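Given the structure is predicted, the values throughout are model-derived calculations rather than measurements. So you know, we letter chains A, B, ... as the sequences are listed, proteins then strands, and number each from 1. All values below come from the heavy atoms of this structure, side chains included, with hydrogens, waters and symmetry mates left out.
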Amino acid sequence: MTVRTRFAPSPTGYMHVGNLRTALYAFLLARKHKGTFILRIEDTDQEREVPGAVDLIYHTLRQAGLFWDEGPDVGGPYGPYIQSQRKTIYREYAEKLVEAGHAYYCFCDKERLDAVRKRQEAEGKQPKYDGHCRHLSSTERDKLIAGGTPWVIRQRIPDSGTTTFTDEVFGEITVENSTLDDNVLLKSDGLPTYNFANVVDDHLMRITHVIRGIEYLSSAPKYNLLYTAFGWEIPRYVHCPPVMRDAQRKLSKRDGDASYQDFIDKGYLTEALINYLALLGWSPGTDREKFTLDELIDAFDISGISKSPAIFDLVKLTWLNGEYIRTLTPDQFLEKATPFIRQAVTREDVPLAAIAAVLHERTEKLADIPPQLDFIDRLPDYPVDLFVHKKSKTTFENSLTSLRAAREALAAIPADSWNDDTIRATLLKLAETLGVKNAVVLWPVRIALSGKEFTPGGAIEIAHILGKDEALRRIDHGMEKLARAPK
RNA sequence: GACCCCAUCGUCUAGUGGUUAGGACACCGGCCUCUCACGUCGGUAGCACCGGUUCAAAUCCGGUUGGGGUCGCCA
C-alpha cells in the first residue's frame, strides 16, 4: 500500500507555524515511505476566505521545501484539489447518505436553532440539535423543498451504542454515541462543512494517513460513522497536540509572532525553523537535534509524536537559528546579512565583507544585526569613563598614552595597506614597544573608535571597517576627551 | 458544565518494571580573550500528589490535582 498524506489548509490568512508543523509531519511521513504528499485547499467557508492566502500557502510550502505531488496547481488523478470546485461531488454523496438513512434534510432556521441552544444551556444541558427534522416523512420533506424552504443535510448519529476508533498517537478511544451531535454535513449554500468534506475527499483522494491537529480528535468518531455508513475503509488517524504560547494559551494569530513570514522577516532561516518545528512535539528517540529536511525524512516516525501540548520556545529556536547561521559560508552570510547591515550603515565606503565577518559569530537572527552597528555611521557620544577598564588595566593616563602612540603608528600605515593584518601587526608591535599588555593599547583604541562598551569585533577589526581617515579622526577625538578628563 | 485526552528539570524531550533518571535550550561558574560573542570545561535543576500491584514503579492500576481538546450551516 502506498502511503498518501495530505495537508489541507483553509485559505484564511497567513501561514501559522503550528500549521506548518502539521504540513511538515504529513510531508515527512509521505516521503519516508516513498509515498505521495497532497495539497488540498479547504475553502468551503466563503466568509472567512482571505484573498491571496492560497498563494501564501504555495509560497511558504515551497520555501520550506515541502513540495507536493498532487494539488490545485500541479494537478493529479483525484482532482480538483480545491473543495469549492467539488461542490457537486459532495451533494451526490450527501444524497446517498440520505437515501441510506444515515443523514436527513433539516429545515430549521438559525433563529430556531439559537432558541433551542439557549434553552438547553439554561437547563444546564449540553447544546445539541434536538432532532426536530429527524423524522420528517419524505412527502413533508419534498413539499418543503419544493416550497423553497432553505435546507441543510445533517448526519444521523445512532441513538445508542458507542464508537471506537484508533489514533496512531493516542491509541484506542471510545465514546458514547449519545454524546455526539447530528452535525450539518451540507450547508444551505450547498457547500459541505469540514465534517463532511474531509471524509469524502480523504476517501476519494485515497488518503491513507490523516494527519491533523488535535482539535479534530473529538470529531473523529463522527467521521468514522460516516466512513462506515459509506462502507469505506477508515484511514489511519494521526492527531497532533497543539503548539502553545505558554501553559494555557495556544500560539495564536493574536500573538503576531506565530506567522511563518514574520519569522523569516526577523532573520530566522527556513531550515532552522523547520528543524525546530520538527522537534517541537516529536522526537527521533535519540539525542540528535540538528536535521536537514532529508535527514528528517529518514528519521521521522509517527511513534515519536508526543501526546502533550508543546510550548513554543523562542529562545531555543533562536539558539538553533544561530547554529544554522554559523554554518553558513562567509559569502552566504554576507548575502543574507547585507540588507540588515544596510539598515544601520549608510556609508558607502565601508568593507561589507569585513563587517559581515565580524558579525557572523555574533548573530543569532539577522534582525540582531542593525543595533550592533549603530556606531559606524556616526561615533556615539560616550562617557570618558569607558576608557577605564579594570581587567585591561587601563586608566585615563595610560589610555591617553596608548592613543597617542597608536595614532602615530596607525597614521604611518599606507592607505592601501589598511587591513586587519597590517593593523594587527602595527598595534601589537606597539604594545610590545611600550612594554604593556595588548589590552592596554587595544582597549582604549576600541573605545575611541566605537564609543561603546561592547562591540562586534575588537579594535583591529573596527579600525579596518571604519577606514583610516575616520579611525584617526575618532582617535583624535578620544585624546581630546581624555585630555579634558579629571585627573 | 458534559465528554474525550494528557502529565519527567523553567522549556523541548529520552526513558516502556531494576538507570548515579540521559540530552538540548536557558541559567550559574571556570578557561580562551582587546569588549561582546563564538568555542570549551564544569555545575544547579525534574519523575505533580495520594493510594495500590510487585522482591523491585518515572514506567502497571485507581483516585486527586493541574493542563489540553470538543460541544457552530468555522475549519
Side-chain angles (χ1 to χ4, degrees), chain A residues 8-10 12 42-45 47-48 106 108-110 113 117 121 124-128 150-154 167 170-171 173-176 178-181 183-189 191-195 197-198 212-221 239 241-242 244 246-248 250 276 279-290 304 306-320 322 326 358-364 372 386 389 391-392 394 427-428 431 437-447 450 452-462:
Chain A
S10 306
T12 53
E42 309 219 326
D43 60 344
T44 55
D45 185 352
E47 293 192 1
R48 289 207 308 152
C106 171
C108 298
D109 57 21
K110 196 169 185 338
L113 259 18
R117 192 170 303 135
E121 276 166 5
K125 288 195 272 193
Q126 68 160 320
K128 208 176 153 183
W151 51 267
V152 300
I153 291 180
R154 284 181 186 274
D167 181 85
F170 291 96
I173 293 171
T174 300
V175 299
E176 297 281 339
S178 61
T179 66
L180 271 22
D181 201 0
N183 286 136
V184 170
L185 263 22
L186 210 62
K187 300 184 276 189
S188 52
D189 64 2
L191 283 166
T193 58
Y194 173 86
N195 299 116
N198 93 85
R212 62 175 39 142
I214 199 169
E215 60 269 29
Y216 299 107
L217 186 68
S218 51
S219 301
H239 288 98
M244 309 290 287
D246 56 40
Q248 36 271 350
K250 241 167 125 170
Y276 177 72
L279 261 9
L280 191 63
W282 171 77
S283 165
T286 65
D287 287 343
R288 184 163 177 197
E289 301 216 81
K290 292 181 195 165
S306 79
K307 299 178 180 177
S308 333
I311 298 174
F312 190 95
D313 185 355
L314 185 63
V315 174
K316 184 154 187 178
L317 195 218
T318 304
W319 163 78
L320 223 209
R326 285 189 282 276
V358 106
L359 249 17
H360 203 159
E361 302 293 298
R362 281 166 254 256
T363 301
E364 286 195 296
Q372 296 189 77
L386 274 189
H389 183 64
K391 202 164 150 256
S392 298
T394 58
L427 258 18
L428 295 191
K437 283 179 52 179
N438 292 344
V440 173
V441 171
L442 297 172
W443 175 275
V445 172
R446 191 181 64 83
I447 295 302
S450 67
K452 292 184 74 176
E453 185 179 9
F454 309 125
T455 54
I460 295 158
E461 294 82 5
I462 293 173

Does the A:Asp181 side chain pair with the main chain of A:Asn183, one donor and one acceptor, at a distance under 3.5 Å?
no
A:Leu386 backbone acceptor or donor facing A:Trp443 side chain under 3.5 Å
yes
Touch check for [X], heavy atoms < 4.0 angstrom, all strands: base, sugar-phosphate only, or nothing?
X        : value
A:Ser306 : sugar-phosphate
A:Val152 : base
A:Arg288 : nothing
A:Gly457 : base
A:Asp45  : sugar-phosphate
A:Ser188 : base
A:Ala459 : base
A:Ile214 : sugar-phosphate
A:Thr286 : nothing
A:Thr44  : sugar-phosphate

Counting side-chain heavy atoms from C-beta on, which of [options] comes nearest to [X]?
X        : options             : answer
A:Thr179 : B:U11, B:C3, B:G69  : B:C3
A:Glu461 : B:G72, B:C34, B:C73 : B:C34
A:Arg362 : B:U35, B:A75, B:C4  : B:U35
A:Ser392 : B:C4, B:C74, B:C34  : B:C34
A:Lys316 : B:U70, B:A75, B:C25 : B:C25
A:Phe454 : B:C25, B:C36, B:G72 : B:C36
A:Leu280 : B:C74, B:C12, B:C4  : B:C12
A:Ser10  : B:A75, B:C73, B:A24 : B:A75
A:Arg48  : B:C12, B:C71, B:A75 : B:A75
A:Arg117 : B:C73, B:C4, B:C38  : B:C73

To the nearest Å, give me how far apart [atom1] ([X]) and [atom2] ([N]) are.
X        : N     : atom1 : atom2 : result
A:Asp313 : B:C27 : CG    : C1'   : 13 Å
A:Lys110 : B:C74 : NZ    : P     : 10 Å
A:Ile460 : B:C34 : CD1   : P     : 9 Å
A:Asp287 : B:A21 : CG    : P     : 16 Å
A:Trp282 : B:C12 : CH2   : P     : 17 Å
A:Tyr216 : B:C4  : OH    : C1'   : 17 Å
A:Leu359 : B:A37 : CG    : P     : 15 Å
A:Leu317 : B:U13 : CG    : C1'   : 16 Å

RNA chain B nearest-nucleotide lookup for A:Gly285 and A:Lys391: closer to the 5′ end is A:Gly285
Of A:Ala8 and A:Phe170, whose closest RNA chain B nucleotide lies nearer the 5' terminus?
A:Phe170
Strictly below 4.0 Å, N to O, side chains only: are A:Arg48 and A:Asp45 in salt-bridge contact?
yes
Taking the same atom, [atom1], in [N] and in [M], what whole-Å distance lies between them?
N     : M     : atom1 : answer
B:C9  : B:C27 : C1'   : 12 Å
B:U64 : B:A2  : P     : 12 Å
B:U40 : B:A26 : P     : 13 Å
B:A58 : B:G67 : P     : 25 Å
B:G69 : B:C61 : P     : 25 Å
B:A48 : B:A14 : P     : 14 Å
B:C71 : B:G29 : P     : 50 Å
B:A57 : B:C49 : P     : 15 Å

Examine [N]: is either OP1 or OP2 under 4.0 Å from a nitrogen or oxygen in the side chain of [X]? Give yes or no.
X        : N     : result
A:Ser308 : B:G67 : no
A:Thr318 : B:C25 : no
A:Lys250 : B:G67 : no
A:Trp443 : B:C34 : no

Quick one: look up who [N] pairs with, Watson-Crick or G-U, both distances under 3.5 Å, and put none if it's unpaired.
N     : value
B:U19 : none
B:G1  : B:C71
B:U40 : B:G30
B:G51 : B:C61
B:A45 : none
B:A24 : B:U11

Drop me the distance from [X]'s [atom1] to [Y]'s [atom2], to the nearest 0.5 angstrom.
X        : Y        : atom1 : atom2 : value
A:Glu121 : A:Gln126 : CD    : CD    : 11.0 Å
A:Leu428 : A:Asn438 : CG    : CG    : 5.0 Å
A:Thr12  : A:Glu47  : OG1   : CD    : 13.5 Å
A:Leu280 : A:Asp313 : CG    : CG    : 9.0 Å
A:Lys452 : A:Ile447 : NZ    : CD1   : 11.0 Å

Side-chain donor-acceptor pair present, A:Arg446, A:Thr455, cut-off under 3.5 Å:
yes
Kindly assign one of parallel, tilted or perpendicular to the pair A:Phe312 and A:Tyr276, based on the angle between their ring planes and the thresholds 30° and 60°.
perpendicular
